[in-house]
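In this text the structure is predicted, and so the values were computed from the model without any measurement. Each ligand, and each atom within it, is numbered from 1 in the order the structure gives.
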Amino acid sequence: MSVEDVTPVTDAPVGRGAGDSTREPLIVLSGVQKHFGDLHVLRDIELTVHKGEVVVVLGPSGSGKSTLCRAINRLEPIDEGEITLDGVSLPLEGKALARLRADVGMVFQSFNLFAHKTILENITLGPIKVKKTKPAEAKERAMALLERVGVANQANKLPAQLSGGQQQRVAIARALAMQPKAILFDEPTSALDPEMVNEVLDVMISLAKEGMTMIVVTHEMGFARKAADRVIFMSDGQIVEEAGPEEFFTNPRSDRAKDFLGKILTH
Ligand SMILES: Nc1ncnc2c1ncn2[C@@H]1O[C@H](COP(=O)(O)OP(=O)(O)O)[C@@H](O)[C@H]1O
Ligand SMILES: [Mg+2]
């Protein structure tokens, strides 16, 4: 992380404007509590993400960012509270849950592609199995998505034959293939060699511009400044601060946020 990453940008965020109350809520968490044994990892989380909004989640390691993403996708059950997607309470299991998972894409730090399937098969599998898309149509759409993320020429290779940056772009294409209402990104560039970070962030920025609803856990402050409508700062399982990116970076209010920014900006 360098100081250049956070030099002020004059451009407006590429999303569609923070805190616009006229926009429809898409993901709503209310009173969400989650424990791992004695550890209270999500504390009374209240969060509304609107359609087309890009929310960047920041916070120190162990603050609950991944658990928050996993809870939204029901990969992790919650103890109390409610999470709704497009007005519908998240189902606990069964077919309704499979549909919900299709509605919320997820991109992880480790690319999580199927190692023994080709890039093309990685993209078409979900649409064919879950959405019952005809194989020919799934393939055509997959190729268009691979084109869009710049790896169409790798379609018949196996994941291990691609660079990390290419694999992560495939993971984004795979999420898009399910035509999700939102995509959650959990540190999508943290496992990448530095020279590959921007190729992935560029794809994410173009998605943001197109109006995709995104929750992005990242330490890429340049991305947060450029693409976020809103920054959420988490510490010890709580949302401690919530602000537009310029406001958050130039004027963090809490000591914990100041401390966090101080640490990441000096490295
Ligand atoms: N499956 C689990 N079992 C027990 N503790 C967990 C589990 N997953 C995460 N934790 C703990 O919950 C806290 C929050 O973790 P996490 O959501 O991964 O934080 P972050 O993504 O912000 O680094 C950490 O203290 C972590 O050790
Ligand atoms: Mg994490």
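- Remark: the E24 side chain and the H50 side chain contain no N/O donor-acceptor pair separated by less than 3.5 Å.
- When hydrogens are left out, the protein atom nearest atom 18 (O) of ligand 1 is S66 CB, 3.6 Å; that is the closest non-hydrogen contact.
- Among all non-hydrogen protein atoms, the one lying nearest atom 22 (O) of ligand 1 is K65 NZ, 2.8 Å.
- By the criterion of a heavy-atom distance under 4.0 Å, both the backbone and the side chain of T67 are placed next to ligand 1.
- Protein heavy atom closest to atom 12 (O) of ligand 1, with residue, atom name and distance, is V41 CG1, 2.9 Å.
- Within the cation-pi definition used here (under 6.0 Å to the ring centroid, within 45° of the axis), R174 qualifies as a partner of F114.
- Atoms of ligand 1 lying under 4.0 Å from any heavy atom of S63, numbered from 1 in the order shown and given with element: 19 (O), 20 (P), 22 (O).
- In this structure, P60 counts as a contact residue of ligand 1, since one of its heavy atoms falls inside 4.0 Å of the ligand.
- The protein non-hydrogen atom at the shortest distance from atom 14 (C) of ligand 1 is G62 O, 3.4 Å.
- For atom 25 (O) of ligand 1, the nearest protein heavy atom (residue, atom name, distance) is L39 CD2, 3.4 Å.
- The local environment of NZ in K129 is sparse, with at most 12 non-hydrogen atoms from other residues, nucleotides or ligands closer than 6.0 Å.
- More than 12 non-hydrogen atoms from other residues, nucleotides or ligands lie less than 6.0 angstrom from CD of Q161.
- Within a 4.0 Å radius of atom 27 (O) of ligand 1, the protein has no heavy atom.
- Between atom NZ of residue K157 and atom CD1 of residue I119 there is a gap of 9.0 Å, rounded to the nearest 0.5 Å.
- More than 12 non-hydrogen atoms from other residues, nucleotides or ligands lie less than 6.0 angstrom from CD of E82.
- For atom 19 (O) of ligand 1, the nearest non-hydrogen atom of the protein is G64 N, 3.2 Å.
- With no hydrogens or angles considered, no side-chain donor-acceptor pair links N156 and T118 at under 3.5 Å.
- At a threshold of 2.8 Å, the Mg ion (ligand 2) has no backbone or side-chain N, O or S atom of S61 nearer than that distance.
- Rounded to the nearest 0.5 angstrom, E80 CD and K34 NZ are separated by 12.5 Å.
- If you look at D186 next to ligand 1, there are no close heavy atoms at all, none under 4.0 Å.
- T213 and E53 form no side-chain donor-acceptor contact under 3.5 Å, judged by distance and modelled atom types alone.
- Note on ligand 1: G59 sits outside its first shell, no heavy atom being nearer than 4.0 Å.
- Among protein heavy atoms, atom 9 (C) of ligand 1 sits closest to F36 CE1, 3.4 Å.
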